[in-house]
Structure formats: structure tokens, C-alpha cells
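Okay, so here's the structure we're looking at.
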Amino acid sequence: MKTVLEVLEERIGAAMAAVVGANECAAIVRPTADARFGDYQANGVMAMAKQLKTNPRKLAEQVVERLDVADLCEPPEIAGPGFINLRLKPDYVTVQLLRINADDSERLGIEPTTKPRNTVVDFSSPNIAKEMHVGHLRSTIIGDAICRITEFLGHPVIRQNHIGDWGTQFGRVILGLWHMCMAEKHGEPLYYRTELDELRRVAGSNQDLRTLCTRIRDRHEDDWSKDREGEQRFAPFLEGLNDRDVEGLWEQFLCVYQYVNALEDALAGMGLTVRTINQGQEEAIPYESLSRRITVMLQRQDRQELDAWQFIRRLTLEHCGGIYRKLGVQLIDADVCGESFYNDKLPAIVGDLQASGLAVESDGATCVFPEGFKTKEGQPLPFIIRKSDGAYLYATTDLAALRYRVNELKADRIVYVTDARQIQHFQMLFKVAETAGWDRRDGEKVELAHVTFGSVLGEDGRPLKTRSGENIKLKDLLDEAVERAKSVVEEKNPDLPPERKAEIARAVGIGAVKYADYSNNRTSDYVFSFDKMLAMEGNTAPYMQYAYARIKSIERKAESKGVDIAKELHGIAALDLSEPTELDLGKHLARYAEAIESAVADYRPNYLTAYLYELAQKFSAFYTNCPVLDAPAAKRPTRLLLCDLTARTIRHGLSELLGITVVDQM
RNA sequence: GCGCCCGUAGCUCAGUUGGAUAGAGCAACGGAUUUCUAAUCCGUAGGUCGCAGGUUCGAGUCCUGCCGGGCGCGCCA
């Protein structure tokens, strides 16, 4: 089903083509900027007149003569330098509304595409062994919205959570688990907790820090040798982990991981050494390099390494899954396809690029020099795919992922949702892929899109952080939003049962955070403000949810007023849109498909929120002016239908496409 | 130094291949309530779209220069 806009575009384009004898013409139909000019305006005639060096108004007259839109619009008017203004007939609006109403598929009359494209969306992508923080918010929810909308339009969507589960943090993670094990062995108090505090406290004093680190090193060395000399503490500990309570372990692990990182940072340049075993030989190595050594050691003892790694990976995903569920984001474990997945595919990436002559050695590293990129000195800028020490980088992994998605996942389109700072990386990635011919399958070009977004800022205009300068945990942020929403519900509707209040608080709090993000232009930074996003006035989630709740309230009241909504709407065949607010609302309802189309075309959720907000405003105006249940019997079915379609549209847009929960009562 | 993004009302932001007199919300001011939830609606006021040129019938939008801010720039992701 074409949107009204598409129909007009087609008809006017055809009329223009007929007038000038061309094959096709762009009518450039847009919603009018001002209601006085009608509902739609065609701007294409003026551009064409310029091309033909003819009078635009005259050309417009000829086009209008050829134009037949009498089934949709009042007679077209020519205005200004050559605009064609179009005003929809109320009868046509009626036809559209009845058509939408007749669709019992919950799709509001919007048909799925006839040209489905396999769409891979790469989003969220947190790191293993770390808590999700506010920096992950935008990728996660913008990506989710893109998936939901694309899926709704009928395209198969493959979600890819490209988690950071491979790399240098490897050794530290395992060392963290090792400390957890030893702390349990030593009993309460868990030393890493108290020592982490100590490390922070004495950070300013080299002398105290040295004393502390030496003490830690001594115990560490002792545990280390006992463990290796037959007591066998760590291996059984690892084996036992899987049977234990996940929630508690995650908290412990986060702490011990911080401890390992803080300790390693403190050790830098201190000159402390630790005794360890290498190939059966005892040797002393710098204490701060122990985690790197462990990576190597454990890589030789496959089993233990993998167990530890798998366990932390599972713990992290458990945590992320909790955040996704809280956020209403449709990402599950099956969508996880992280860096480790591509590990064994990396040598081939480098090899193939070398074989084709694209990759060359430069200062010991293996690089591709894509066309059009320069360093600050004006030299060709390398896309490094292998470091001089032989390690691979995210450039390599991204190439491997791209190739996998094209060839194995059969992507027709790959969408990457990351912050704008990575723009150059993706430009280079796409260029390299294109040059290597990896962005094609069966000769068909795969569309590569980098969807960027700006930063979330604090009230001070700096990237949002805690007072002490740390990243704000997503969990804390969401909990606070729900907490604040709860106190609003408490204030506005104290008589609701507690579980009802909690449900509303969750919907409003989480919805507010998401909606605030969606309603901003994704390319700009935005200032995070609980007060603004939870306000009941303005373009906010609570305002939208309230509009919905009011409609549901009418439905609840109907019976007590002796109105049978189902009966009045059954087989409804005519509407009376004589009140201005009715017609205005009706026209807007008929344009939902256009809003979705514009939002998806450039991956901009704010076009959708803008539509929904206007819808809620128009509904509120209608609601204020037009009684529904108390309306004269002749007017009532129309108004009931307007209410029902508004509720369905808000629910669909908010809940299905943006993943924001609606509630029947607020 | 080079590259990318941004600069729109007091504040936060929209502005869809260049279209009509640049729009919302918040804050301010004035009105509307025997309520289908006022968590609302209606109205008033508020802008040389950073500055200066240029292209065009028409520029917030495109081009050039400048000013101001953010981000990125060979072995992190």
C-alpha cells in the first residue's frame, strides 16, 4: 500500500512528465510547512522550470490541467512562485481511516515490503569483564529501534552483538579469578576489597604505596608457589564456579577485576619483581607484567584458560542480558557474535589481502593503504591489520566480521551503530572492503551503513560521568530513572495498588530515558536530564504515555455510561469529520506510514517521535474539544474510532517500534 | 597542522534531494476546569539561523573564507 505522499508524488510526477515530454519527473511532494497551504505541497515544478528556463507558474498551470487527483484532494491550487498546494478531502481521509481500522493484523494497514533485504545490524557491543555503562546506551537502544522498524517493514533482521571478548584484558581477568580463589582460601575479610581501598587511599604517597604493593607481592608469591607445588587451589576453584550463584560472583568479580587493574597501574615503574615458573625454570619478572605472562601461560594450558574465560564471558552476558531486559531491548545470547568468534579467521584476512597485493609491510606492521586517506604529514594513512608484534587489531576483526556477514549471513545490508568518533575507522573499513571486493556477493553490492550518534552529556556540557569522574553504570542510571518516576506516580496517583505503581514507574522511568534519546537528533550530543525527560509537558515519554492512558480510561468508562464500543465500531462504514480537531487528527493518523518511512530512510528515530508527539498533541486538542462518550449518538462512532486508532498508533509506535512500554493507567 | 561534526528564541532542541512569513517544548505572561485522568487545552511575547562573501526566482540548508566549540589523526577499541 502506497502512502498518500507516494501516490501524489507519482501522479504529479506523471503529469509533469506528460507536460514536458520527459520519462519521469521528480514532483518533490512534501507535507506543507504551514497548514494554510493545505496538507501537501509539490515543489518540483519550480526546479523543472528552472531547468527548462520557462515560467514556473505557467508550467504549474499546465501540470495542474493534466493532473487528476480528484479522488484524494480538493482542486489543487497554485501559489507563490509555482507551488502546487494540495488539500485532502475529508472523504478520502475517511476512506484511509476505515482501511487502517479494517486491518486486523495489528499492522495499521501498513503492508510489509515486497523487496525484503537481509539486514545485519551491529549494535550495543559491550566489553567482557566490564559493567555496561552510559556509553553503551545509545548504540543499544538506537540499534534496537532500527532492528524493530526494519523488521516491521518486512526485512529479515540479523542482530549482531559484537562484544569485546578477546584481547589484552585476558590475563587480568584470569588473574582476577585467581585472587578471588586465594581470598576465599584466606577467609574473611576478602583481601582484595580492603586492599583496593588501601591502594586508592595511599595513591599519593610513593612510600606507603610501595610498602603496600610489597606486602601484596609477598603473599601473592607465597600463594602462587603453594598453588603450583601440589596444593592445587585454583583449578578446583574454577571447576566449582559453574555451580555457584551468578549474581554474587559478578559483584565480586567486578571488584577483584578493579583490584587487579589498580594494582597493575600502581606497580608501573616501581621495579618490584615476582618469582614465577617459566618452562620449568624459576625466574623473576616485573610484577606488573604478570598478567601478560599469565595470558601466555594459560594459552599453553588450554583447558584452564578456556574455563576461566568462558565463565567470565557467561557472567558478563548474564549481566548484559539483565540490562537488555530492563531496557526492553531485543538482544539475546544467540545474537552474540563477538571478537573471539573471528579469532581463527584473522590470519586468512591478512593472507588474502597480502596475496591480492593490497596489504603491505610498513614499519614492521601489515597495512592496507586505502585511497583518499592522509596522515597529518600528508602521507597515505594506513589501515593496520597486523601489528609489528604479530597481534591483530579491531580493523582485522571488523574485516573478518564483514566478510562473514556478507558470505555466511547473506547480508544485503550491514548497519553499524557506533558513536561518531569511529567515523574514520568505518570509512577506511568500507573502502578497504570495496577495494578488496568483499562488499559484493554474487556480483551484487552489499550496502554498508555507519549510523553514528553523539555523546550523552551531563548538565555541565561534559560527557556524563559520576562526580569522581567514572563512567555511570547503566544499571544505576536506569534504577534512578525508575525511582524518580515512582515518586511522580506516588504524587499523582497515590491510591493505586503498590504493584501497579511499580509497573507504571518502570514503564515511565525506562521509557523516559529511551524516549529522550530517540527524540533527539542522533547525530548531535544531548544533555541528559532526568527532570526534562520525566516532565509531563513537552515531547517526553510521560506525555505520550499519558495520552495513551487517557484513551484507555475512556474505554474503561464506556460501560458505566452505557456505551458498547465494540458494537458501535462493528462494521463502521462512514465517518463524520466535521469538527476541525477531528479532521486534523484523522489526517495525521492517516500519515503514520510516512513517518515510519522517513524514520527508517536515514535511520532517524526522532522523525518517528516527532510524529507521535504531534499525534498526541492533536489527540489532546480533539479530546478537549470533543466529548466522546457523551457525544450525540450520530457523532459517537467517529470519535470512538479516532480514539481507538490513536491508541493503536501510539501503542504501536512506542511499544512495537521503539520498545517503550505503554500503560493503561497512570 | 590536517580531517570530520556542530554553532537556530533566555534554556533544551526540530527543521527530510534548496521552497512560501524559520517551528516545537521548557521558562515568562494571559485565559479555559460542575473532567471521558488539567499529567490537559487555547492564546501572547520572544530569532540579522556564529560572522562575511558567493551561487539561485528562492539559502538555516549548497560553495568559499573567517570566528567559536567538540571529536579524530600508525601499530587501543
Side-chain angles (χ1 to χ4, degrees), chain A residues 26 28 30-34 36-37 41 43 46-47 49-50 55-56 79-83 85 125 127 164 167-168 339 362-367 373-379 381-389 391 393-395 397-398 418-425 427 452 454-455 457 461 463 488-489 491-493 519-521 523-527 529 531-532 535-540 542-543 545-547 549-558 560-561 563 598-599 601-602 604 606-607 609-610 613-614 617 620-631 639 643 665-666:
Chain A
I28 313 184
R30 296 280 176 269
T32 50
D34 189 319
R36 283 173 308 168
F37 303 132
Q41 61 185 56
N43 303 331
M46 288 174 290
K50 178 152 75 176
N55 181 310
F83 297 99
N85 289 338
S125 307
N127 281 322
T168 50
E339 290 170 352
S362 170
D363 294 341
T366 309
C367 311
F373 296 90
K374 299 260 182 291
T375 65
K376 43 191 160 187
E377 287 82 24
Q379 300 300 307
L381 183 66
F383 193 60
I384 303 175
I385 55 175
R386 189 171 59 193
K387 301 202 289 181
S388 48
D389 67 2
L393 297 102
Y394 82 136
T397 311
D398 277 344
T418 85
D419 67 281
R421 285 175 303 200
Q422 299 189 46
I423 193 162
Q424 184 170 259
H425 166 75
Q427 283 170 350
T452 63
S455 310
L457 307 178
V488 178
V489 176
E491 179 196 329
K492 295 287 182 189
N493 225 334
S519 57
N520 272 288
N521 180 339
T523 60
S524 36
D525 299 345
Y526 75 94
V527 175
S529 161
D531 289 337
K532 292 215 168 84
M536 297 124 201
E537 308 85 24
N539 191 6
T540 66
Y543 177 88
Q545 289 164 321
Y546 175 62
R550 286 172 115 184
I551 301 174
K552 291 291 141 184
S553 173
I554 293 176
E555 292 174 10
R556 282 195 300 274
K557 277 265 158 67
S560 66
K561 296 222 178 195
V563 177
S598 67
D602 204 19
R604 290 183 186 273
N606 66 307
Y607 288 174
T609 57
Y613 179 52
E614 250 185 274
Q617 282 183 307
S620 291
F622 155 77
Y623 179 93
T624 306
N625 280 286
C626 303
V628 178
L629 297 177
D630 298 328
R639 293 183 180 172
C643 286
Q665 225 179 333
M666 277 179 84

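Residue numbers start from 1 in every chain, and the chains themselves are labelled A, B, ... in the order their sequence lines are given, proteins ahead of strands. Both backbone and side-chain heavy atoms feed into the values below; hydrogens, waters and symmetry mates do not.
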*For B:A20, give its Watson-Crick or G-U wobble partner with both distances under 3.5 Å, or none.*
none
*What closest approach, in Å, do A:I384 and A:C367 show between heavy atoms, and which atom pair accounts for it?*
CG1-SG, 3.9 Å
*Whom does B:C2 pair with, Watson-Crick or G-U wobble, provided both distances fall under 3.5 Å?*
B:G72
_5' precedence on RNA chain B between A:G538 and A:L629 (nearest-nucleotide basis)_ = A:G538
_Which atom of A:N539 lies closest to which atom of A:S519, heavy atoms considered_ = ND2-CB, 4.0 Å
_Atom of A:D525, atom of A:S455 and distance for their closest heavy-atom approach_ = OD1-N, 2.7 Å
*Under 4.0 Å protein heavy-atom contact, by nucleotide of nucleotides 19-24 of chain B - B base, S sugar-phosphate only*: BBB--S
*Verify, without hydrogens or angle tests, whether A:R639 (side chain) and A:P627 (backbone) share a donor-acceptor contact under 3.5 angstrom.*
yes
*Rounded distance (Å) that lies between atom P of B:A39 and atom CD of A:E491*: 10 Å
*Could you give the distance separating B:C13 and B:U55 at their C1' atoms, to the nearest angstrom?*
30 Å
*Could you please name the partner base of B:U44, counting Watson-Crick and G-U wobble pairs only when both distances are under 3.5 Å?*
B:A28
*Contact class for A:R604 vs. all strands (heavy atom < 4.0 Å): base, sugar-phosphate, or nothing?*
nothing
*Under 4.0 angstrom, heavy atoms only, what part of the nucleic acid is A:S620 near: base, sugar-phosphate, or nothing?*
sugar-phosphate
_Base paired to B:G7 (Watson-Crick or G-U; both N/O distances under 3.5 angstrom)_ = B:C67
_B:G47 and B:U8, which share atom name C1', separated by this distance in whole Å_ = 8 Å
*Gap between atoms CD and P, on A:E537 and B:C42 respectively (whole Å)*: 14 Å
*Whole Å only: how far is the CG atom of A:D602 from the P atom of B:U17?*
11 Å
*Interatomic distance where CZ belongs to A:F622 and P belongs to B:C36 [whole Å]*: 14 Å
*Where along nucleotides 70-77 of chain B does protein come under 4.0 Å, by heavy atom, of base (B) or sugar-phosphate alone (S), with - for untouched nucleotides?*
-S-SBBSB
_A:Y543 OH to B:G25 P, straight-line distance once rounded to whole Å_ = 9 Å
*Check: A:A535 main-chain N/O paired with A:T540 side-chain donor or acceptor under 3.5 Å*: yes
*From B:G15, B:C4, B:A39, pick the nucleotide closest to the side chain of A:M536?*
B:A39
_Under 3.5 Å on both distances, the Watson-Crick or G-U partner of B:C49_ = none
_Distance check, P atoms only: B:G19 and B:A59, in whole angstrom units._
11 Å
_To the nearest 0.5 Å, what is the distance between CZ on A:R30 and CG on A:N43?_
7.0 Å
_Whole angstrom value for the distance that separates P of B:G25 from NZ of A:K532_ = 15 Å
_Nearest-angstrom distance, C1' atom, B:G7 to B:U48_ = 16 Å
*Using the C1' atom on both, measure B:A45 against B:C2 and round to a whole Å.*
47 Å
*In whole Å, what separates the C1' atom of B:G3 from that of B:U12?*
30 Å
*Is the backbone of A:S620 close enough, under 3.5 Å, to the side chain of A:T624 for a donor and an acceptor to pair up by distance?*
yes
*Determine the minimum heavy-atom distance between A:P382 and A:T375, stating which atoms define it.*
CD-CG2, 4.4 Å
*Partner nucleotide of B:C36 by Watson-Crick or wobble geometry (both distances under 3.5 Å)*: none
*Have a look at A:V527 and say if it touches a base, only the backbone sugar-phosphate, or nothing, with a 4.0 Å heavy-atom cut-off.*
sugar-phosphate
*Within the side chain of A:D602, is there an N or O that forms a donor-acceptor pair under 3.5 Å with the backbone of A:R604?*
no
*B:C36, B:A14, B:U17: which one has an atom nearest the side-chain heavy atoms of A:Y623?*
B:C36
*asked:* So which atom in A:M536 and which in A:P542 form the shortest heavy-atom distance, rounded to 0.1 Å?
replied: CA-CB, 4.4 Å
*OP1 or OP2 of B:G15 sitting under 4.0 Å from any side-chain N/O of A:N521?*
yes
*Minimum heavy-atom distance between A:N85 and A:F37, given as atom pair plus value*: CB-O, 3.2 Å
*When the distance from CG of A:L457 to C1' of B:C6 is rounded to whole Å, what number comes out?*
12 Å
*State the pairing partner of B:G60; accept Watson-Crick or G-U wobble contacts with both distances under 3.5 Å, and report none otherwise.*
none
*Taking the P atom of each, how far is B:A9 from B:A14, in whole Å?*
12 Å
*Check every strand shown and say whether A:A549 touches a base, only sugar-phosphate, or nothing at a heavy-atom separation below 4.0 Å.*
base
_Rounded distance in Å between the P positions of B:G69 and B:C26_ = 32 Å
*Indicate the ring-plane relationship of A:Y613 and A:Y543, choosing parallel, tilted or perpendicular according to the 30° and 60° boundaries.*
perpendicular
*Whole-Å gap separating C1' (B:G18) and CD1 (A:I28)*: 9 Å
